Q: 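Take this structure first; my questions come after.
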Protein chains: 2
Amino acid sequence: MVNDSLHGLVEQRLRQVCQRYTNGRREVVELLARAGYPVSIGDIAELAPRLPRSSAYRHLVNLQQAGVVRRVSGNDEFSRFELAEEITEHHHHLVCTHCGKVIDVTPTKAFEEAMNKYLASLAASHGFASDDHRLDILGSCSTCRAPQPQL
Amino acid sequence: MVNDSLHGLVEQRLRQVCQRYTNGRREVVELLARAGYPVSIGDIAELAPRLPRSSAYRHLVNLQQAGVVRRVSGNDEFSRFELAEEITEHHHHLVCTHCGKVIDVTPTKAFEEAMNKYLASLAASHGFASDDHRLDILGSCSTCRAPQPQL
DNA sequence: TCCGGATTGAGACTCAGTCTCAAAAGAGGC
DNA sequence: GCCTCTTTTGAGACTGAGTCTCAATCCGGA
Ligand SMILES: [Zn+2]
Ligand SMILES: [Zn+2]
Ligand SMILES: [Zn+2]
Ligand SMILES: [Zn+2]
């Protein structure tokens, strides 16, 4: 969903930290919105070859500070980035342990409520105040599970 | 729990991939067992200053291949390592978003069963076969929540 | 238009993590 | 013990993701 309200929201958030919504930043935001899954710097270089690396990194940092972008750690050593949940919605990740692909999944409300309740008590019993959670499902995607056509 | 059966188990696992259980590797395993939380390379350098970095990294790689050690990604850019769940037990992490501290928490069986059931169906609906999951609870630890004594 | 602060791009730089290779340690046979 | 072969180890070179610097450019407001 690459709608117009998205850009309004992003601009507003950037303003709150005295930053402008420039073309480069807009390009990153649109790329993330279009992708719909956590994107690595390599992905960004492919999807937006004209965007210099140093700028891409900086835009990601700025957008993170504005609460627009979130860093996601997958199973490999590369950082991935996606729009923050306040911009899209709360969700979890399916991570393929073979090819590293990450896709988003939205849980049911019932599951989330049960989970949050449980996690709060678990955290409290260790002196933590729980704000949020991160749930990744590790497995193998259909492509990696398919019989190899040739090898 | 740094008991003796641990070392027997580790040795057996290493044997299965034709590797010896040497002093350096034993040192890493004992360090991880003693720590009881996911440990960074920096932590290892502090806790075992005599162990060269290149060796520490290699031991971790070898122990991972033997299924003794698992890499954990926290909230920062550093890798952390802990004993694999097959060696200890399945658990989740409480991550302090302020100081980066990570501690282990063991869930109840009932929660795990409900979760696994739900995750399997969620994964299946996206063509994934789910093997495992990773659940981090983000929040603030008691230290970081305590009123600052001076500032 | 002019000014001052924010933004950008190119490239140098940092440093976690990997690789190389020669020295050291084990295992096994004798 | 001694010799040989294989595995492991340590020092340091190397790689590359991510950061920092700085001069050039952009942009908003007076
Ligand atoms: Zn896959
Ligand atoms: Zn959730
Ligand atoms: Zn803390
Ligand atoms: Zn679990």
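Quick note on labels: first sequence line is chain A, next is B, and so on, each numbered from 1. Since this is a predicted model, take the numbers as computed values, not measurements.
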Q: Could you list where the contact with chain A starts and ends along DNA chain C, reading 5' to 3', using a 4.0 Å heavy-atom cut-off?
A: C:dG5 to C:dG11
Q: Without swapping roles, check the side chain of B:R145 against the backbone of B:S140 for a donor-acceptor pair under 3.5 Å.
A: yes
Q: Would B:E113 and B:K117 count as a salt bridge (Lys or Arg N to Asp or Glu O under 4.0 Å) if you check the C-alpha gap in whole Å, the side-chain angles of each, and the deciding distance to 0.1 Å?
A: CA-CA 6 Å; B:E113 272 169 22; B:K117 203 146 129 198; over 6 Å; no
Q: For A:H93 and A:D104, test the side chains for any donor-to-acceptor distance below 3.5 angstrom and give the result as yes or no.
A: yes
Q: Please determine whether salt bridge (Lys or Arg N to Asp or Glu O under 4.0 Å) holds for the pair A:R50 and A:E27, giving the CA-CA distance in whole Å, both sets of side-chain angles, and the decisive distance to 0.1 Å.
A: CA-CA 10 Å; A:R50 319 293 309 278; A:E27 195 170 349; over 6 Å; no
Q: Please tell me whether B:V72 and B:I103 are part of a single hydrophobic cluster in this structure, the criterion being side-chain heavy atoms less than 4.5 Å apart.
A: no
Q: Within residues 37-67 of chain A, find the residues that approach DNA chain D with a heavy atom at under 4.0 Å, and present them sorted by residue number.
A: A:I41, A:S54, A:Y57
Q: If we ignore hydrogens and angles and just use 3.5 Å, is the side chain of A:R25 paired with the main-chain N or O of A:R20 as donor and acceptor?
A: yes
Q: In residues 13-26 of chain B, what residues come within less than 4.0 Å of DNA chain D, judged by heavy atoms?
A: B:Q19, B:R20, B:T22, B:G24, B:R25
Q: Under a 3.5 Å distance rule, please check whether A:E85 uses its side chain to pair with a backbone N or O of A:H91 as donor and acceptor.
A: yes
Q: What's the CZ-P distance between A:R80 and D:dG18, to the nearest Å?
A: 11 Å
Q: Could you tell me if the side chain of A:L135 sits less than 4.5 Å from the side chain of B:M115, heavy atoms only?
A: yes
Q: Taking A:T108's backbone N and O only, do any of them form a donor-acceptor pair with B:Y118's side chain (distance below 3.5 Å, no angle check)?
A: yes
Q: Any donor-acceptor pair under 3.5 Å linking the side chain of A:T97 with the backbone of A:G139?
A: yes
